[in-house]
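Everything below concerns the one structure shown next.
Counting starts at 1 for both ligands and their atoms, following the listed order. Please read these numbers as outputs of a predicted model, since none were measured by experiment.
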Amino acid sequence: MVLNPVLGKLVSKRVVLASASPRRQEILTNVGLRFEVVPSWFKETLEKSSFTAPYEYAVETAKQKALEVANRMHVKHLRTPDVVIGADTIVSVDEQILEKPVDKQDAYRMLSRLNGKEHSVFTGVAIIHCHSKDNQLEMDITDFYEETKVKFSELSEELLWEYIHSGEPMDKAGGYGIQALGGMLVEYVHGDFLNVVGFPLNHFCKKLAELYYPPSKHNVQRKKYDSIPSVDTFENQSDGESESSNFTKQKGASKLDSSGTYSSEAVYASENSSGVRTGFTVPLENQNGVSQSAAKLPSKILELMDGFRASKALFVASKLKIFDHLKDKGPMKAVDIANDVGTSVCGTERLLDACASLGLLEKTPQGYSNTDSANTYLASDGKYSLHGYIIHSNDHLWPLFTNLESAVKEGSRQNHRAFGKKADDLFKDYYHSQEVKQRFMSAMHSIAHLTARDVATAFDLSQFKSACDLGGCTGALAHELVQVYPNLKVTVFDLPEVIANTSYFQPSGQHTAPVTFVSGDFFKDSLPEADLYILSRVLHDWPDEKIHVLLSKVSAVCRPGVNMEKKTVSQII
Ligand SMILES: O=c1[nH]cc([C@@H]2O[C@H](COP(=O)(O)OP(=O)(O)OP(=O)(O)O)[C@@H](O)[C@H]2O)c(=O)[nH]1
């Protein structure tokens, strides 16, 4: 669940973070935002002297980073994102802009400049809303920046060098990481701490509030949101007199308290009658900013405690193909769905309510219908359907995880307890029964297909000429790789039983270099030579001795490429 309703507006959108910064990823993940990471290839080489203020440079760089990703995804991957977020953090001191140091000497130069002084950290952020019209990319760009003042203590040369030798400065603007060892250098921070770390979350939420809920006629005096609105603020608004914004219809007047500001509330979780968590709001502070509740609710822990119920509700609804029914026939009443799928009315109604509170379905007086996400990911026929993997999670992973305690105590795999069979025998089962094989391949295909573009673009692989996707199953990742890197020759190596059944999963109408399928047993047979070896969802299946054998074989046939060491992209998803 996302704590902030404004971030909730992004839940059903395909959001892309155009940044390789692990800190930005962490900041946004921590607030429950779901997004893909596609690092920008934009080189940060804008002419600094052409900007009148340092923040203009940061904003323009953030914009260029996001634009590069939006354009690349639209043109190369033929999948236009809904929203692309780019950011750039710089340090400004004595009218100089400091970015990431190029080497230790550069880090020393930067840190000496900051020593004993106050400086500004600016993060520029660009939010691009994309639409594809007649195959043309249309974009609405919103940008902003945040400034935070930071003062360094007087630091000795010795301490500076010790810090530089820690390696921490190298990928950080200004040569320090305030969130880690660099925090020791800092005397004070005035402003948003996360802005220094790389992403001004608070300002970002306010900006989204402005975009998605612009001020209505009723509160035109409020030009900008200077607090982040709560769930109640929006959910209780009437639809009357709505004004449209670029991104959504604005609902009626916002709920303001007597001081004209939004009250501060947080969303936590409760259980409804079907035992599923729903949102409710808990006031955190009164008007004087005094906490009214003795202890904050441990929302993360509550979420973990109940997570299994939500998973199981999703699994059962998927198994009963409720999302398929609703995709074809929705909205439908519980009784009609129960009749169609052959289940009890009362049980079905509870399950449907659970799915509605989890945001998988919408419930209206006309009945239940799929959300956009359910149509895309949960119905079994969609291009990006996760149905196969959800069924695999229910039938295979769930029984295994039920025995986690024994696994931890014994330090062994639990297939015998979960299925009465050893892991190796289970693998054979996958391929002996046509039905089980199809289900397993569907599961692997659905998750690989959905994540393929992220994996393909997580690294710049353009220097490689050939790649082998070991255990690549239906070739979902391989097909994405040849789309992104048209000069890459990709081979999928998998068991003969798998290769014989891949035709059903091949993309139609794609004009890219073909993928080659080679069948064999990767433990017994020789592997093809390649510049790059990919092992995705492979190693976890095997004990250490077998992994050693496999990686030694890969190492023997993986050719070093131009200026590259041997590379294996392993277990990246
Ligand atoms: O205290 C801290 N200050 C800064 C950082 C990190 O520094 C970098 C800033 O670099 P940039 O904005 O160019 O972002 P990149 O990491 O190169 O990723 P992009 O792909 O977005 O260009 C940023 O990672 C901050 O998080 C820090 O960690 N602490």
Side-chain angles (χ1 to χ4, degrees), residues 15-30 35-46 48 51 54-70 72-73 84-93 97-102 106-107 110-111 113-115 118-128 143-153 155 163-164 166-201 203-204 454 457-460:
V15 179
V16 169
L17 176 64
S19 173
S21 166
R23 278 73 56 176
R24 294 193 182 116
Q25 292 167 27
E26 194 181 340
I27 290 169
L28 290 172
T29 304
N30 282 347
F35 55 89
E36 297 158 40
V37 175
V38 181
S40 181
W41 295 350
F42 175 75
K43 300 268 179 289
E44 297 171 34
T45 50
L46 294 173
K48 296 191 179 68
F51 295 90
Y55 67 82
E56 287 176 6
Y57 172 83
V59 168
E60 188 56 31
T61 306
K63 208 190 296 178
Q64 293 304 328
K65 286 182 186 180
L67 281 170
E68 187 279 322
V69 168
R72 173 155 45 100
M73 291 185 73
V84 180
I85 303 164
D88 189 62
T89 303
I90 56 162
V91 162
S92 166
V93 63
I97 290 176
L98 309 182
E99 296 181 278
K100 290 162 292 191
V102 290
D106 200 23
M110 292 184 181
L111 292 168
R113 205 165 257 181
L114 302 178
N115 201 353
E118 186 184 87
H119 62 268
S120 287
V121 180
F122 292 100
T123 299
V125 176
I127 308 169
I128 303 187
D143 56 51
F144 67 90
Y145 73 93
E146 182 71 29
E147 176 178 8
T148 305
K149 304 245 190 225
V150 178
K151 183 174 181 240
F152 269 28
S153 295
L155 306 162
Y163 179 55
I164 292 165
S166 75
E168 190 176 282
M170 297 321 293
D171 61 344
K172 319 252 169 14
Y176 70 96
I178 197 166
Q179 70 277 20
L181 291 177
M184 292 190 288
L185 317 179
V186 170
E187 200 166 290
Y188 66 69
V189 178
H190 288 165
D192 183 353
F193 179 85
L194 291 182
N195 183 50
V196 184
V197 181
F199 198 79
L201 184 63
H203 198 156
F204 176 70
D454 279 347
T457 54
F459 311 92
D460 180 1

Problem - Side-chain donor or acceptor of D143 paired with backbone N/O of G124 under 3.5 Å - result: no

Fill in the blank from the handout: Any heavy atom of K172 under 4.0 Å from ligand 1? The part involved is both

Problem - S120 side-chain N/O to S92 backbone N/O, donor-acceptor pair under 3.5 Å - result: no

Practice task
Could you verify whether a donor N or O on one side chain and an acceptor N or O on the other, from Q64 and E60, lie under 3.5 Å apart?
Solution key: yes

Exercise for the section: Identify the protein heavy atom lying closest to atom 15 (P) of ligand 1, giving its residue, its atom name and the separation to 0.1 Å. Expected result: K100 NZ, 3.6 Å

Practice task
Out of A20, G175, S40, indicate the one that has the non-hydrogen atom closest to atom 20 (O) of ligand 1.
Solution key: A20

Problem - Protein heavy-atom partner closest to atom 24 (O) of ligand 1 - residue, atom, separation in Å - result: S21 OG, 2.8 Å

Practice task
Would you kindly specify which portion of S19 sits under 4.0 Å from ligand 1, judged on non-hydrogen atoms: side chain, backbone, both or neither?
Solution key: both

Practice task
Considering only non-hydrogen protein atoms, determine which one is nearest to atom 3 (N) of ligand 1 and report residue, atom name and distance to 0.1 Å.
Solution key: V196 O, 2.9 Å

Exercise for the section: List the closest protein heavy-atom neighbour of atom 6 (C) of ligand 1: residue, atom name, distance to the nearest 0.1 Å. Expected result: R23 NH2, 3.7 Å

Problem - Atoms of ligand 1 close to I178 [distance to a heavy atom under 4.0 angstrom, numbered from 1] - result: 1 (O), 2 (C), 29 (N)

Problem - side chain to side chain donor-acceptor pair (under 3.5 Å) partners for Y145, two or more places apart - result: none

Handout entry: Atom of P169, atom of G175 and distance for their closest heavy-atom approach
Key = CB-O, 2.8 Å

Practice task
If the plane angle is over 60° it's perpendicular, under 30° parallel, otherwise tilted; pick one for F152 and H119.
Solution key: perpendicular

Problem - Modelled atom types, side-chain donor and acceptor of E44 and T61, under 3.5 Å - result: no

Handout entry: Option set A173, G177, G182, G86, criterion heavy-atom distance to atom 9 (C) of ligand 1, minimum
Key = A173

Problem - Element-labelled atoms of ligand 1 that are located less than 4.0 Å from some non-hydrogen atom of K65 - result: 11 (P), 12 (O), 13 (O), 14 (O), 19 (P), 21 (O), 22 (O)

Exercise for the section: Could you tell me which atoms of ligand 1, counted from 1 in the order shown, lie closer than 4.0 angstrom to a heavy atom of A87? Expected result: 21 (O)

Exercise for the section: Using heavy-atom distances, let me know which of E99, E44, Q179, K43 sits nearest atom 28 (O) of ligand 1. Expected result: Q179

Handout entry: Donor + acceptor pair across side chains of T148, D192 (<3.5 Å)
Key = no

Fill in the blank from the handout: The answer for which part of D171 has a heavy atom under 4.0 Å from ligand 1 is backbone

Completion exercise
Value for OH (Y57) from CZ (F51), rounded to nearest 0.5 Å, stands at 7.5 Å

Practice task
Could you tell me the residue and atom name of the protein heavy atom closest to atom 14 (O) of ligand 1, and the distance to it rounded to 0.1 Å?
Solution key: R24 NH1, 3.0 Å

Fill in the blank from the handout: Looking only at protein heavy atoms, what sits closest to atom 5 (C) of ligand 1 is V197 O, 3.5 Å

Handout entry: Interatomic distance, L201 atom CG to H203 atom NE2 [nearest 0.5 angstrom]
Key = 11.5 Å

